[in-house]
Amino acid sequence: MPNATTARRYWLVKSEPDCFSYDDLLASPKQTTCWSGVRNYQARNFMRDMKKGDGVLFYYSSAEPPGVVGVAEVVREAYPDGTARDPKDDHYDPKSTEANPIWEMVDIKAVERFDNFLPLNDLRQVRALEGMELLKRGSRLSVQPVSAKEWETICRMGRG
DNA sequence: GCCAACGTTGGC
DNA sequence: GCCAACGTTGGC
């Protein structure tokens, strides 16, 4: 019997396809990548909540059009994001130390590219997705939770 | 390229 | 602890 601590949960992560695309994920060793570079506390806290096996929607932001491209899953739970301590990295944060790394990341692995790319504008038309974090005005969170109902709706749409 | 929305910073 | 200024995100 699943309970709150064992039930599979669902998330959405944003990536600019010019920066890291679903193809890039597929081309990565074991089709797995670390999700480094998140520098927002709320987003980091959501990553801390991620458990192995949780579902992840892969979303293209700043794309033409923006939308959901496919699905990945969490294969490693939160651990320190070393890029925060690399002065040469774009996401360098001098406040991050070995003793207190501040920023964390998870590893995600490709699961399925949708047959249908799901443009943001199409998602906005769907009743079952009303209230979804992604669709809220001014929503900028790069890591956000997705409800089971939203997950099922989007997967069904993506598979056509 | 514009700009609304939001988070962060820093003076007080 | 308030809040104005500033920087960033991301849709359009």
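Side chains are part of it too, since the values below use all heavy atoms of this structure and drop only hydrogens, waters and symmetry mates. Every chain is numbered from 1 and lettered A, B, ... according to where its sequence line falls, protein lines coming before strand lines.
Atom CE in A:Met132 sits roughly 16 Å away from atom C1' in C:dG11 (whole-Å rounding). Taking atom OH of A:Tyr60 as the reference point, atom C1' of C:dG11 lies 18 Å away to the nearest angstrom. The CG atom of A:Asn40 sits 10 Å away from the P atom of C:dT9 (whole-angstrom rounding). Separating the CZ atom of A:Arg44 from the P atom of B:dT8 is a distance of 10 Å, rounded to the nearest angstrom. Put simply, CG on A:Asp122 is 15 Å from C1' on C:dG11, counting in whole angstrom units.
Taking only side-chain atoms of A:Lys95, from C-beta outward, the nucleotide of B:dT9, B:dG7, B:dT8 with the closest atom is B:dT9. Of the candidate nucleotides C:dT9, C:dG11, B:dT8, B:dT8 has the atom lying nearest to any side-chain atom of A:Tyr41. Out of C:dG10, B:dG7, C:dG11, the shortest distance to the side chain of A:Tyr59 is found at C:dG11.
Phosphate contact (OP1/OP2 of C:dC12, side-chain N/O of A:Arg124, threshold under 4.0 Å): present. Proximity of A:Lys14 to the phosphate of C:dT9: no side-chain N or O atom is located under 4.0 Å from OP1 or OP2.
Residues A:Trp11 and A:Phe58 place their aromatic rings such that the two centres sit no closer than 6.0 Å.
Summarising the local packing, CD of A:Gln125 is surrounded by more than 12 heavy atoms from other residues, nucleotides or ligands at distances under 6.0 Å.
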